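Because the structure is a prediction, the values reported are computed rather than measured.
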Amino acid sequence: MTSPSPDALLSPADVRELAAALGVRPTKQRGQNFVIDANTVRRIVRTAEVRPEDVVVEVGPGLGSLTLALLEAADRVTAVEIDDVLAAALPATIAARMPARADRFALVRSDAMHVTELPGPAPTALVANLPYNVAVPVLLHMLATFPTIERTLVMVQSEVADRLAAGPGSKVYGVPSVKANWYAEVKRAGAIGRNVFWPAPNVDSGLVSLVRRAEPVKTTASRDEVFAVVDAAFAQRRKTLRAALAGWAGSAAAAEAALVAAGVSPQARGEALTVEEFAAIAENAVADKADTEESSRS
């Protein structure tokens with residue numbers, strides 16, 4: 001691997017000059033806050049444990065600050081960018097600042113929520129500074145769509161980081177926590193100060209590490225069936241599961257039957273359950289429904 005020059009990464013002045021040349025002003029609508037600190041992007045790459053053989057997918061590369069740092073460490077980087085102006089400029093930035101690695105870079109102009117395939121080898125890692133307003137749905141979509149992604153490190157709003165990494169019993173444990181845990185072991189991996197961004201956001205940021213489960217959650221229920229239980233349980237999180245799942249199950253009695261069969265107290269609340277327990281509820285509800293349909297045909 002050819003070593004990049006010491007000044008290959010973007011400085012604060014470089015970021016502002018690039019933005020000015022493109023007529024770009026970061027927009028709140030797309031949650032854009034550009035990283036302007038080279039030490040921060042290198043720290044992100046180190047924390048993500050990017051390896052020389054990795055094929056990294058990056059969502060929302062912006063002006064290329066993190067992209068360049070990823071290209072220093074990975075075999076290949078594929079960036080997904082929705083902004084046409086930023087997407088058009090990025091290949092030239094890579095070619096100018098890291099010409100020896102330019103052939104290892106690919107760009108996909110798309111909304112990450114609509115991406116179903118990527119060029120080149122399958123991605124092994126996801127590393128991204130995710131726009132605050134779409135961080136969770138984008139993360140879950142990428143994990144669902146690309147099962148070859150083994151390791152993920154995302155920078156998100158600190159509160160979102162807390163929710164993703166929360167465990168059962170936590171006040172911030174909820175739908176993002178359970179769904180992320182369906183795919184991976186999730187943990188907080190550090191905090192990021194506001195002054196490394198341009199413009200500086202009004203919120204703190206945090207790093208979240210997700211390492212894909214070696215084995216999936218053991219259940220005969222599908223992911224969609226399990227996620228339907230999760231959504232129902234937290235839609236009315238103050239209610240007991242017997243009440244919260246009544247609409248999902250068809251009645252409170254049916255919800256109670258599924259809960260009891262899964263070994264979960266009907267008086268428990270969603271915030272107390274692990275992803276495995278949600279899967280057990282879904283599995284037993286599916287089995288009960290199949291038994292009922294079989295009986296009606298007999």
Side-chain angles (χ1 to χ4, degrees), residues 113-114 130 132-145 147 154 156-188 208 210 212-213 215-298:
M113 287 296 295
H114 299 152
L130 291 178
Y132 290 162
N133 51 350
V134 293
V136 171
V138 165
L139 173 63
L140 295 177
H141 172 75
M142 296 298 288
L143 290 174
T145 306
V154 291
V156 294
Q157 184 175 338
S158 188
E159 290 181 2
V160 175
D162 288 340
R163 290 192 199 106
L164 284 167
S170 166
K171 289 183 179 179
V172 295
Y173 182 71
V175 172
S177 325
V178 183
K179 291 184 178 180
N181 199 234
W182 168 268
Y183 298 104
E185 301 296 331
V186 189
K187 67 178 183 180
R188 279 291 298 255
V208 182
L210 301 96
R212 193 176 290 270
R213 288 171 173 266
E215 293 187 3
V217 176
K218 292 182 179 179
T219 178
T220 56
S222 69
R223 180 187 65 217
D224 287 347
E225 287 165 345
V226 176
F227 283 10
V229 181
V230 175
D231 289 336
F234 287 102
Q236 304 177 76
R237 65 183 297 150
R238 292 188 177 183
K239 291 189 175 182
T240 65
L241 286 170
R242 184 182 190 277
L245 298 182
W248 160 81
S251 69
E256 181 168 347
L259 288 160
V260 171
V264 176
S265 168
Q267 301 308 308
R269 288 175 171 77
E271 62 197 39
L273 270 58
T274 64
V275 65
E276 289 82 5
E277 287 172 315
F278 280 112
I281 296 166
E283 186 173 323
N284 281 283
V286 170
D288 185 57
K289 183 178 180 182
D291 291 343
T292 302
E293 290 176 351
E294 181 65 30
S295 297
S296 65
R297 286 195 294 266
S298 301

query = Can you name the closest pair of heavy atoms from Ser170 and Glu271 and give their distance?
reply = O-CB, 4.5 Å

request  = Could you grab the distance from atom CG of Leu241 to atom CD of Gln267, nearest 0.5 Å is fine?
outcome  = 9.0 Å

inquiry  = To check you understand the geometry: which heavy-atom pair defines the closest contact between Ala254 and Ala249, and what is its length?
reply    = CB-O, 3.7 Å

ask   = If you measure from CG on Leu273 to CD1 on Ile281, what distance do you get to the nearest 0.5 Å?
value = 5.0 Å

ask   = Roughly how far apart are Lys171 NZ and Arg163 CZ, rounded to 0.5 Å?
value = 14.5 Å

With Tyr183, the side-chain contact (heavy atoms from CB on, under 4.5 Å) member among Val275, Leu210, Leu140 = Leu140

Arg212 side-chain N/O to Pro147 backbone N/O, donor-acceptor pair under 3.5 Å = yes

task = Of all the heavy-atom pairs spanning Ala221 and Ala282, show the shortest one and how long it is.
result = CB-CB, 3.9 Å

query = In chain order, what residues pass the side-chain hydrogen bond (donor to acceptor under 3.5 Å, both in side chains) check against Arg269, with sequence neighbours excluded?
reply = none

Trace of the side chain to side chain contact (heavy atoms under 4.5 Å, CB included) decision for Phe234 with Val178 = CA-CA 10 Å; Phe234 287 102; Val178 183; 3.9 Å; yes

key: Carboxylate-amine/guanidinium proximity below 4.0 Å for Lys179 and Asp231   = yes

request  = Could you pull out the closest heavy-atom pair between Glu276 and Arg213, with the gap in Å?
outcome  = OE2-NH2, 3.2 Å

ask   = Does any N or O in the side chain of Asn181 come within less than 3.5 Å of the main-chain N or O of Ala184, such that one atom is a donor and the other an acceptor?
value = yes

task = Please determine which of Asn284, Leu245, Thr240 meets the side-chain contact (heavy atoms from CB on, under 4.5 Å) test together with Leu259.
result = Leu245

task = Among Asp224, Thr220, Thr219, Val226, find the residue that satisfies the side-chain contact (heavy atoms from CB on, under 4.5 Å) test when tested with Ser222.
result = Asp224

ask   = How many angstroms lie between CD in Glu283 and CZ in Phe278, if you round to the nearest 0.5 Å?
value = 15.0 Å

ask   = How far does OG of Ser265 sit from CD of Glu277, to the nearest 0.5 angstrom?
value = 10.5 Å

ask   = Just wondering, more than 12 heavy atoms not from Glu159 lying within 6.0 Å of its CD?
value = no

ask   = Where do Ala233 and Gly270 come nearest, in terms of heavy atoms and distance?
value = CB-CA, 4.3 Å

query = Which pair of heavy atoms, one from Ala135 and one from Leu130, lies closest together, and at what distance?
reply = O-CD1, 3.6 Å

